[in-house]
Amino acid sequence: MSYFSDIYNGIKTLLTGMRVTGGYFINARKGTLTQQYPDNRETLKMFERFRGEVVMPHDENNEHQCTGCQKCEIACPNGTIEIIWDRAIVEETGKKKKKIDQHIYHLSMCTMCGLCIEACPTDAIVWAQNFENSVYDRTQLTKVLNQPGSKVKDGIED
Amino acid sequence: MSKDQLIKSNFKTEEYFINMGPQHPATHGVLRLILTIDGEIIRNVEPDLGYIHRSIEKMCERDSYQQIVHLTDRMDYLSSHINNEAVCLVVEKGLEIEVPERVKVIRTIIAELTRIASHCLWWGVMGMDVGALTTYFYAFRDREMINDIFEETCGARLTMNYNIPGGLMFDIHPNFVKRVKDFITHFKTKIPEYDRLLTGNVIFQKRTKGIGVLTKEDAISFGASGPVARGSGVSCDIRKIHSYSAYDKVNFNEVLFSEGDSLSRYKVRIQELWESLSIVEQLIDNIPEGDIKIQTKAVIKLPKGEYYQRVETARGELGVYVNSTGTKNPYRLKFRSPGFSNLSVLNKIAKGSKIGDLVAIMATIDIVVPDIDR
Amino acid sequence: MKFAYFFLAEFINMFIIASIAVVLFFGGWLSPFGITESITWFPEVFWFFIKVLLIIFLMMWFRWTFPRLRVDQLLTLEWKYLLPINLVNIVFMAIIIWLNWTL
Amino acid sequence: MTNQEIQHIITSWSDKLEFSEEESEFLNVTVPKEELYTICKQLKADTNLKFDYLFCLTGIDWGEELGVIYHLESTTFRHNIVVKVKTADRENPMVDTVSDIWYTAEFHEMEVFDFFGIKFNNHPNLKRLFLPEDWEGYPLRKDYVDEINMVIK
C-alpha cells in the first residue's frame, strides 16, 4: 500500500533532516567559521598574497626601486597606471637617465589582476593587504605611489 | 461534452504576462524573464538578457593575450580558474608550447576545487530556491575553506587570475597541500550530510522529481552541456572526450543519469562532487617538481589561423574561438559560454509546469548571468 | 520598519497557533504528569509559556530545515493525509471516552 | 571518421564547396549562402556523419565580408567540422537560419544579429537579444565607432 509507505517514508526522511540541523543546534560552537569583522580588526590577518592595492615600498632613505620603464603601464589592461617621467642627468656618468616624476595609480579602475606586478622587472611595486578602501569621493582613490622627494635606489637597472 | 471541454466552456481563462526580474532573488542575477501564464501554468518563458553585458568579446579585440585572461574571470565568476585555463590553453595551442607537468597538475587540482566550490554554492542556492534556508549556510561553510585555499595561493577568492599563457603566475603556497588534504577529510563527512538533509527529503523529492523534463534529443539539439545534459543521459564531458591538462592521468567517471528531470540534474552535481574530490585526492600527493612557467615573449603574437579550445567548466562546455591574423591582438574572439546554451533550454522544459516550479528548474540549470551576458 | 510590523504579525500568528494547540491538546497551564501539583504557590503560567515556546521552537526548526511545498502539493497533504488522520483521531477519542479509559 | 572521408562524402553534394585544413585544427568547409540550409540539413541527416551537436556559432567581420562560422560535432562518432558562410552585402546581409535543425542556433543567431546585423531568413523570433531595441549600429563590426563609450588606446 503506497499510501502508508508514503507516510512512513515522509516521516522518516523528515526526522533524518531534523536530526542533522538539530545536531548542529546543540553543537553550535563547534566548527564555527564566522568572523565578527569590524570588531576583530586588531586580530584580523590577511594572507600574504592577498591583493588589496598596489603600493610602492620606500626604504628609510626615501628611496624606491622604480626606474620608470613603464612596463606596468603597458601591461595594465584598463589604464590604471600612469607614469609621468622625465630624463635627468646622472652626475657620475653625465648621461641622461629616465626617472619617474609621478607614478599615478587609479585604484578605482584597478581589477586586481596582478599583471603590473608580474611585469615589473625590479619589484618596485608590490601588493598591500589593505582592503578597506571605501572613501566618499572617487578622486581620493587616485594615488601617487612614489613619495614626494623620493628617488630611485642606486644600482637599479631594468 | 467531455469533462475538460465542459470546464473550458464554463470557466474562461485569460493568459497574462508577468515579469520575473531583473531584480528578483530567484533569478540568480539580473536576468529578466517575461512569463506568459495561464493561472498557475506557464505557457511561455522568454528571457530578456543584456542587463550586465560588458562586451568582453569586443574588449578582447583590443587587448593583448595576457590581458584577455583576467577578463574571463568576470564571465562565469564561479569557475573563474577554468575560464582562465581555457584562454591560456588556446594561446599555448597557438604558440605550440607544452607547459610543464607541474603546471598541468596544479591547474587540474585548482580547477577541480573550483568545481567543488561552484557546486557547493549551487547546492546552497538550490536549497534556498525551494525554501530550505539552512542549506545555504552549510554549503557556504564548506565553500569558505576552498576560498581560503585560493586566497592563500592565488591572492584572490573569486577572480583569481592565477593562470598566465605559458604557466602559472607564481608557485603554490607551502601550506597548499596540507590545507587541501584537510579540506578533503572535512568534506568527505559533509556530502553524506547534504544527502541526508536534502536529497532524500520527501518535500525536496516532490518538488523536483518529474519536473522540467529534458529529453536526450532536445538536450543535444539545444546544445546543452555539463550537468544539464548529463542529467538527460548525454555523454558530453570534455574532460573525457577532448582531454586537456592532467585529466588523462586520473581516473574518474562521467556521471550520467537518464531521467532528465530536475532531480537527476541535482544528482549529477552531487555525484560530481565525489568525482572531483577523488580527482583532487589522486593528484594532491604527487605534484611533480619542475618549473611553474615557460617564459613567453612579452608580446605574444599568435600565428595566423583559427584556434578552438574546449574546457569543462562547472556549468558545462566553454569554448574559446580565436581568429588570429598574426598581430598581438586577436582578430575575433568568441566565447561559447555554457550558460547561454543552457538557458535556451528553459522555455522548452518550463512550459506547462507550475510557476512555483520555474524557480526550481532555474536552480537546477544553474544560471550565472554574467556568463550569459558576457 | 514597515516590514518589521508585517513580520511581527507572522510571529504573533505563530504564538497564537501555539497557544491554541497547548490549550487544546497539551493540557494548557497544568504541569506535565502533575509534578508541581502539590506546590500551591507555583505559577501555572510558567508551564503554559514553556509549552508554547517548545511548540514555536519546533515550528521554527521545521521551517528553516526543509524546503517548502508547492501550493497544490500542500493542499494534497492537507486533504489526503492530515484530514484522514484527524478523522481517525476523532473516532479514537470517542472510543476512549465511551469506554471510560484513563491514563 | 577521418577528415578525408568526411570531405569525400560532402563533396558529392555540391560542386561549389571549398575545403581547407590549413591554419585550423578542424576540417573547414566554405559553403555558398544559398546552399547553406540544404547542406546543413544533410550534415545532420546523413547516417555516416550525424552532425547533431552545434557547439559554437560565431559571427565574424572579415572587413569586406560578414560571415558566420558553425562548429559542428557528432555525439555518436565524435568527429568535427567547421562550416563557414560569407556574405559580401554589408548593408543588408542575409543568411538562412539553421535554428530548426539545431535548436541552439535560435539564441546564437539572435546574438549574431544583435552584434553583426546579419539577418537570418525564417528565424522564428529575430530581435535584439542583449542590446536595447533602439540601439544604432552593430557593435562587433570592425567599422563600428562610438566616441563616447569606446576607449581606444
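Values below: every heavy atom of this structure, side chains too, minus hydrogens, waters and symmetry copies. Convention: sequence-line order gives letters A, B, ...; per-chain numbering from 1.
The local environment of CZ in A:Phe25 is sparse, with at most 12 non-hydrogen atoms from other residues, nucleotides or ligands closer than 6.0 Å. Applying the 6.0 Å contact sphere to CZ of C:Phe57 captures more than 12 heavy atoms from other residues, nucleotides or ligands.
Annotation: maximal heavy-atom pairing with chain C below 4.5 Å, among A:Val20, A:Leu14, A:Ile7, occurs at A:Leu14.
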Distance-only donor-acceptor pairs under 3.5 Å across chain C and chain A:
residue, atom, partner, partner atom, Å
C:Trp61, NE1, A:Met18, O, 3.3
C:Trp61, NE1, A:Thr21, OG1, 3.0
C:Thr65, OG1, A:Thr21, OG1, 3.0
C:Lys80, O, A:Tyr3, OH, 2.2

